[in-house]
Amino acid sequence: MTDKVRNYKIAIVGAGPAGYFTAHAFQKAQSDYLSFSIDMIERLPTPWGLVRSGVAPDHPKIKTVSNVFEKIARDPSFRLFANVELGKDVSLKDLRDQYDVVVLATGAARARKLGIPGEELKNSLSAAEFVPWYNAHPDFVNVEVDLSSDTAVVIGVGNVAMDVARILAIDPSTLETTDIAEHALIKLKQSNIRKVLVYGRRGPEHAAFTAHELRDLTKLENTDVYIDSIQIKEAIKHIEEMDEVEKDLKNNIIAMKAITEHKKKNAVRKIEIKFLSTPIEVKGAGKVEEIVFQRNKIENGKVVANNGKFSIKAGLIITAIGYDSAEYPGVTIENGRIRNIAGHVEHNVYVVGWAKHGPVGVIGTNKSDSTYVVDLIIKNLRDPKTSEGLTALLKSGHEVIDQTAWEKINASEVVSGEISGKPRIKEVDWIQLIRLGKSR
Ligand code: NAP
């Protein structure tokens, strides 16, 4: 590096995929003239965001991206400050003053609501509660999940709905070698649920599933998956009439057709994917007992009611209909996202990932998006500030989980898992996580 090197202090808030890929984009942009000191701030005592608390336990391959995150974290330009909450331990204004750039990578953790009567009944849950519950997120350990009925209903036909349906429907013994939360595995082993009905309000051609995930459904060992073959035939006809068909849509429909043709095992465990049905009421005496649907048809591309109502007896409903960004002091939420123009929020504050563009795309999507925002940030850089950064802002004695502390937690979880043939056993208790991080 030459004397002319300019070092900028970057605060990235949120240690999920968008945060790490942003850090990586800054690292890649360093040159003889430009360097970055990156502080990643995370509310939880553990990093990795949805890779830890979102990705389904039976999808271990997707989680290997954490190796990439750890490589990014070991670069000398990077420091982790986990167990530090924006809005509580540190304000956005303070970060703005101390850092040259603040990048919000805080995701979208708040469940969207159906807004129908009965949605607040017991055992009416959202994927935003159920998924972190089975993934050992410390804030969701005590979510009450009652699996005593034989039928569960999942609303939404995206990949999160599919994860939820799979976890409910598959034989829990197949989850024993995964990193699923111990409390969830115990509950799933006692579960009476044998039928999981997944409902979309539009047709198969509008489903948000991806083909890879659909194809995996035919590989389930002890669970049969059903999709209405007439609806799939109609969808095929529909796309054949289209002038141009997107590759992803075509692949999805082919994958759904394969499910209809796939030989069933007469398994007791079933997932049934249904379309053109909108939930309009959840009924029950204090707890979910029945879900009322309106049948739909698509007219001029819009969902319209058609052919009356029907109802399903079920003791559990889980909505997987998307997420909004959570509010915290200093940001404005607009259409479920942090208000921004192409990633710029205001002053020296930027946003990336789901907090920027909403809950769409897979983990890898964050790579190009973060690079795009970092390019914009670099174009807008002025003279570097001289400031102390986060350490000057935190109260003395604040228990920061830094990279070294996190590596201790990580190693301890992996070692606990090895004994039981699992990739790791996740610690769910916040205080215990901090203890592990501070252990010698
Ligand atoms: P999503 O893909 O946007 O799917 C949301 C679903 O909810 C859609 O079917 C949507 O139907 C439906 N919906 C929305 N509002 C509704 C309402 N009021 N009533 C009934 N249905 C409603 O969202 P997601 O499943 O939460 O996934 C988020 C992102 O994470 C996606 O990009 C997904 O691919 C990704 N992800 C990937 C994986 C993986 O790669 N294995 C796993 C999980 C998640 P409409 O289309 O009709 O609005």
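Whatever order the structure lists ligands and atoms in, that order sets their numbers, starting from 1.
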Could you tell me the residue and atom name of the protein heavy atom closest to atom 8 (C) of ligand 1, and the distance to it rounded to 0.1 Å? Val157 N, 4.0 Å
Ligand 1 contact on Leu114 by region, counting heavy-atom pairs under 4.0 Å: side chain
Assert yes or no for the condition that the ring centre distance of Phe140 to His137 is strictly below 6.0 Å. yes
Counting from 1 in the order shown, the ligand 1 atoms closer than 4.0 Å to a non-hydrogen atom of Ile62 are 41 (N)
Any non-hydrogen protein atom less than 4.0 Å away from atom 10 (C) of ligand 1: no
Whether the side chain of Glu42 engages the backbone of Phe81 through a donor-acceptor N/O pair (distance < 3.5 Å, no angle test) should be reported. no
Protein heavy-atom partner closest to atom 1 (P) of ligand 1 - residue, atom, separation in Å: Ala208 CB, 4.0 Å
Distance under 4.0 Å to a non-hydrogen atom of Ala320: what atoms of ligand 1 satisfy this? 5 (C), 6 (C), 7 (O)
Electrostatic pair Asp224:Lys265 at N-O distance under 4.0 angstrom: yes
Within the 4.0 Å heavy-atom shell around Val362, which atoms of ligand 1 are there? 40 (O)
Distance-only, no hydrogens or angles: does the Asn123 side chain make a donor-acceptor pair with backbone N or O of Gly315 under 3.5 Å? yes
With a 4.0 Å heavy-atom cut-off (strictly under), which part of Trp354 contacts ligand 1: side chain, backbone, both or neither? side chain
Which of these, Thr319, Leu50, Asn159, Thr278, has its nearest heavy atom closest to atom 34 (O) of ligand 1? Asn159
How close does the nearest protein non-hydrogen atom get to atom 17 (C) of ligand 1, and which residue and atom is it? Arg201 NH1, 3.3 Å
List in chain and number order the residues that pass side-chain hydrogen bond (donor to acceptor under 3.5 Å, both in side chains) with Glu70, two or more places apart in sequence or in another chain; answer none if no residue qualifies. Trp48, Gln403, Trp406
Could you tell me, atom by atom, which parts of ligand 1 come under 4.0 Å of a heavy atom of Asp163? 42 (C), 43 (C)
For atom 46 (O) of ligand 1, the protein heavy atom that lies nearest, with its residue and separation: Arg202 NH2, 2.8 Å
Taking heavy atoms and a distance under 4.0 Å, where does Ile155 meet ligand 1: side chain, backbone, both or neither? side chain
Looking only at protein heavy atoms, which one is nearest to atom 21 (N) of ligand 1, and how far off is it? Ile321 CG2, 3.6 Å
Is any NZ, NE, NH1 or NH2 atom of the basic residue among Glu213 and Arg166 found under 4.0 Å from an Asp or Glu carboxylate oxygen of the other? no
Less than 4.0 Å between atom 3 (O) of ligand 1 and some protein heavy atom, yes or no? no
For residues 226-273, which residue pairs pass the ring-ring contact (aromatic ring centres under 6.0 Å, His included) check, not counting sequence neighbours? none
Determine whether the side chain, the backbone, both or neither of Tyr323 has a heavy atom under 4.0 Å from any heavy atom of ligand 1. side chain
Salt bridge check: are Glu221 and Arg269 linked by an N-O gap of less than 4.0 Å? no
Can you tell if the side chain of Val141 reaches within under 4.5 Å of the side chain of Trp133, non-hydrogen atoms only? no
The answer for which part of Glu213 has a heavy atom under 4.0 Å from ligand 1 is side chain
Which option, Val160, Asn296, Thr210, Ile363, owns the non-hydrogen atom nearest atom 27 (O) of ligand 1? Val160
Thinking salt bridges, do Lys287 and Glu289 make one under a 4.0 Å N-O criterion? no
Identify, by atom number and element, the atoms of ligand 1 in contact range of Val360, meaning under 4.0 Å from any of its heavy atoms. 32 (O)
Kindly check if the number of other-residue, nucleotide or ligand heavy atoms within 6.0 Å of CG (Leu381) is above 12? yes
Tell me the protein heavy atom at minimum distance from atom 28 (C) of ligand 1, and give that distance in Å. Pro359 O, 3.2 Å
Is it the case that the side chain of Asn340 and the backbone of Ile338 share a donor-acceptor pair, with hydrogens and angles ignored and the cut-off at 3.5 Å? yes
Is Lys356 salt-bridged to Asp369, going by a charged N under 4.0 Å from an acidic O? yes
Among all protein heavy atoms, pick out the one at the shortest distance from atom 32 (O) of ligand 1; state its residue, atom name and that distance to 0.1 Å. Gly361 N, 2.7 Å
